[in-house]
Trainee: 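I have a structure here, written as structure tokens, and I will follow up with some questions on it.
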There are 2 protein chains.
Amino acid sequence: MHKYKILLADDHKVVTAGIRSLMQRRTDLCIVGEVGDGADVLPKTCELKPDIVIMDISMPHVSGVEAAQALAEHCPQVKIIIYTMHSDPRFILELFRTGIAGLVMKEEDPQELIAAVDCVLAGGTAFGKYNPQRMVSQLLQSTADVSETERIQELSPREAEIFKALADGHSIKHIALELHISPKTVETHKYNIFDKLHVETLTELTKLAIRHGVILA
Amino acid sequence: MHKYKILLADDHKVVTAGIRSLMQRRTDLCIVGEVGDGADVLPKTCELKPDIVIMDISMPHVSGVEAAQALAEHCPQVKIIIYTMHSDPRFILELFRTGIAGLVMKEEDPQELIAAVDCVLAGGTAFGKYNPQRMVSQLLQSTADVSETERIQELSPREAEIFKALADGHSIKHIALELHISPKTVETHKYNIFDKLHVETLTELTKLAIRHGVILA
DNA sequence: CTTTCCCATCAGGAAAAACCTGATTTCTTG
DNA sequence: CAAGAAATCAGGTTTTTCCTGATGGGAAAG
């Protein structure tokens, strides 16, 4: 009897333990390994040759998004199921682009994860509420729809400077004085920054900056 | 034989499932309930009278920090163990201040959670690497933080409500519609909130709210 | 060598929000 | 009952925001 091999990648031990206990009764599934660091995903996959990798997005050193991209490039035969928190979906589009096989949220019933594994083993894909069709239209219409991090990196030097000052609470007028330019110029930069970072309010800008360590809370 | 009652608060079902399977062999522990929303923690605790609440920080609607504060106020006899991700520690100080009984990271061995439960049931406290001694020095040296907390607690209920909404990025107009009051009233509240919290800009307000776990970044 | 694109710079003007003061009502609390 | 806090709203001035338009410089592409 053939056993399907599964590799778990999650830095929260309780999650991997939960998945293990969940799969105990399934004699056709075998968890061959477990890693808690994104940097270990690719080497472990090469070593163990699993059929499926179940992976979190948020992991130390290398994120699940990067790990998925590395897997897609070096081990295209491996099916990837992303198992993550619901508050993460900023990266979902990027993951779709790399061609993951499934997506399950940690707040859903854990049985959904088993269902997703079966679905993927049958050659299908398993996305719950994240209807790929709906995603694809967004993918196509937004040519530059990239992750938050990438958007920040696309800011010009001047914009990055003003982004940081704005997120830190400096007023337009203050920034203009600091940089020896017109407040109107700063305003225009701000407008462009909002546009590039896909935010609509100063608060969103601040929170984004804090999330990415641009400023401290 | 007396069974200790435990309430689980985590919006990730795989985590609560993992904890359940972890505690199966312990006949002296009984998981009496499970909630996935911070807003449900206090009512469920009042209803089920658990000895221990094991709680995540990041939950929908009401954060674990707020829930812990509510518990400390209304159910001071309940022991709180925070079980959370390592990337959350910006709230740890605030939690220490409310007097939690334990702190365990999800990336640690799940057995640590059991150990923490035993420790707390024995009347002790369980902090792993988060040495309270080290924390206390930080607590003492940052007196400004303490006064910040006190200032937040001095807000009236209505002000607290509007504080959260403002810090989360809602506009005056939007808040007015939500609460069915005049924008002018919201404006006045905002003015008073700024005054009470000693802030001068919306950004300062947002960062303060994030520092104290009122909202998530 | 143009043409195109991005960057940095600034301005105008309508709309929105901020700022501060004053005011009423209800409810609690000493 | 008097004092005070809480919640409600308005007026009017000042400031900021929002969006559009515009210019010049430089780099990359054709």
Side-chain angles (χ1 to χ4, degrees), chain A residues 141-209 214-215, chain B residues 66 69-70 73-74 147 149-209 214-215:
Chain A
Q141 82 181 56
S142 58
T143 50
D145 208 37
V146 286
S147 73
E148 268 181 10
T149 312
E150 283 165 355
R151 287 195 207 113
I152 291 177
Q153 284 164 355
E154 274 170 10
L155 294 177
S156 74
R158 198 55 153 176
E159 285 168 346
E161 195 175 5
I162 292 173
F163 167 48
K164 184 168 177 173
L166 283 173
D168 210 18
H170 300 198
S171 71
I172 299 275
K173 200 181 289 181
H174 186 235
I175 297 171
L177 286 172
E178 263 181 348
L179 302 182
H180 305 290
I181 55 179
S182 156
K184 279 295 185 183
T185 306
V186 180
E187 233 180 81
T188 304
H189 280 305
K190 174 185 175 179
Y191 187 73
N192 292 330
I193 291 166
F194 274 38
D195 220 45
K196 285 194 181 180
L197 299 185
H198 297 196
V199 300
E200 289 186 332
T201 66
L202 185 59
T203 303
E204 286 177 63
L205 191 84
T206 302
K207 295 202 284 187
L208 195 154
V214 176
I215 58 163
Chain B
E66 289 171 290
Q69 286 164 345
E73 187 180 351
H74 297 99
S147 59
T149 310
E150 285 166 2
R151 287 192 207 114
I152 291 177
Q153 283 163 355
E154 273 169 13
L155 294 178
S156 75
R158 198 55 150 176
E159 284 168 349
E161 194 175 7
I162 292 172
F163 167 48
K164 183 169 177 173
L166 283 173
D168 210 17
H170 299 201
S171 71
I172 299 275
K173 200 181 290 182
H174 186 237
I175 296 171
L177 286 172
E178 264 181 346
L179 302 183
H180 306 291
I181 56 179
S182 154
K184 279 295 186 182
T185 305
V186 181
E187 230 181 84
T188 305
H189 280 305
K190 175 184 174 179
Y191 187 71
N192 293 330
I193 291 166
F194 274 39
D195 220 44
K196 285 193 182 179
L197 299 184
H198 297 196
V199 300
E200 289 186 332
T201 66
L202 185 60
T203 302
E204 285 177 63
L205 191 84
T206 303
K207 295 202 284 186
L208 195 154
V214 176
I215 59 164

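These values consider heavy atoms only, across backbone and side chains, with no hydrogens, waters or symmetry-generated copies. All chains are named by letter (A, B, ...) in the order of the sequence lines, taking the proteins before the strands, and each is independently numbered beginning at 1.
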Trainee: As an exercise, state the distance from CG of B/N192 to CG of B/L155, rounded to the nearest 0.5 Å.
Mentor: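 So the gap between those two atoms works out to 10.0 Å.
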
Trainee: Would you call A/R158-A/E161 a salt bridge at under 4.0 Å N-O?
Mentor: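 Between A/E161 and A/R158 there is a salt bridge, with a charged N closer than 4.0 Å to a carboxylate O.
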
Trainee: To the nearest Å, give me how far apart CG (B/L166) and P (C/dA17) are.
Mentor: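 To the nearest whole Å, that distance equals 12 Å.
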
Trainee: Taking NE2 from A/H189 and P from C/dC7, how many angstroms apart are they, rounded to a whole number?
Mentor: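 Distance, rounded to whole Å: 10 Å.
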
Trainee: Quick check on C/dC6: is either OP1 or OP2 less than 4.0 Å from any side-chain nitrogen or oxygen of A/R158?
Mentor: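 No.
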
Trainee: Is there a donor and acceptor pair closer than 3.5 Å between the side chain of B/T188 and the base of D/dC9?
Mentor: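 Looking at the base of D/dC9, it does pair with a donor or acceptor on the side chain of B/T188 (distance under 3.5 Å).
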
Trainee: Please tell me if B/T185 has a side-chain N or O lying less than 4.0 Å from either OP1 or OP2 of D/dT8.
Mentor: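 No.
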
Trainee: To the nearest Å, give me how far apart CD (B/E187) and C1' (D/dG12) are.
Mentor: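 Result: 12 Å.
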
Trainee: Report yes if at least one side-chain N or O of B/Y191 is closer than 4.0 Å to OP1 or OP2 of C/dC20; otherwise report no.
Mentor: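 Yes, within the criterion.
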
Trainee: In whole Å, I'd like the distance from the CD1 atom of B/I193 to the C1' atom of C/dC19.
Mentor: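 Interatomic distance, CD1 of B/I193 to C1' of C/dC19: 15 Å.
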
Trainee: Using whole Å, what does the distance between atom C1' of nucleotide C/dG22 and atom CG of B/N192 come to?
Mentor: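 In whole Å, C/dG22 C1' and B/N192 CG are 13 Å from each other.
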
Trainee: Give a yes/no on whether any side-chain N or O of A/K173 is located under 4.0 angstrom from OP1 or OP2 of D/dT16.
Mentor: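 Yes.
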
Trainee: Do other residues, nucleotides or ligands put more than 12 heavy atoms under 6.0 Å from B/E178 CD?
Mentor: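 Atom CD in B/E178 is crowded, with more than 12 foreign heavy atoms closer than 6.0 Å.
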
Trainee: Could you tell me whether the side chain of A/K184 has a donor or acceptor atom within less than 3.5 Å of a complementary atom in the base of D/dG21?
Mentor: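 Looking at the base of D/dG21, it does not pair with any donor or acceptor on the side chain of A/K184 (distance under 3.5 Å).
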
Trainee: Counting only heavy atoms not in A/K164, do more than 12 sit closer than 6.0 Å to its NZ atom?
Mentor: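 At most 12 heavy atoms, drawn from other residues, nucleotides or ligands, come within 6.0 Å of this atom.
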
Trainee: Using a cut-off of 4.0 Å on non-hydrogen atoms, how would the nucleic acid contact of B/P183 be classed: base, sugar-phosphate, or nothing?
Mentor: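 If one applies the 4.0 Å heavy-atom cut-off, B/P183 turns out to touch nothing in the nucleic acid.
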
Trainee: Starting at atom CG of B/L179, determine the distance to atom P of D/dA6, rounded to an integer number of angstrom.
Mentor: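 The answer, rounded to whole Å, is 17 Å.
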
Trainee: Between atom CD in A/E200 and atom P in D/dC18, what is the gap in whole Å?
Mentor: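 Computing the A/E200:CD to D/dC18:P distance gives 9 Å.
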
Trainee: The side chain of A/K190 lies closest to which of these nucleotides: C/dA17, D/dC18, C/dA8?
Mentor: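 Selected nucleotide (nearest to the side chain): D/dC18.
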
Trainee: Please report the closest heavy-atom contact between B/E66 and B/V214, naming both atoms and the distance.
Mentor: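 Looking at all heavy atoms of both residues, the shortest contact is OE1-O, 3.6 Å.
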
Trainee: On the nucleotide C/dT9, are OP1 or OP2 found under 4.0 Å from the side-chain N or O atoms that A/S182 carries?
Mentor: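 Checking C/dT9 against A/S182, no side-chain N or O comes under 4.0 Å of OP1 or OP2.
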
Trainee: Send over the distance from B/I172 CD1 to D/dT8 P, rounded to a whole Å.
Mentor: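 Distance, rounded to whole Å: 13 Å.
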
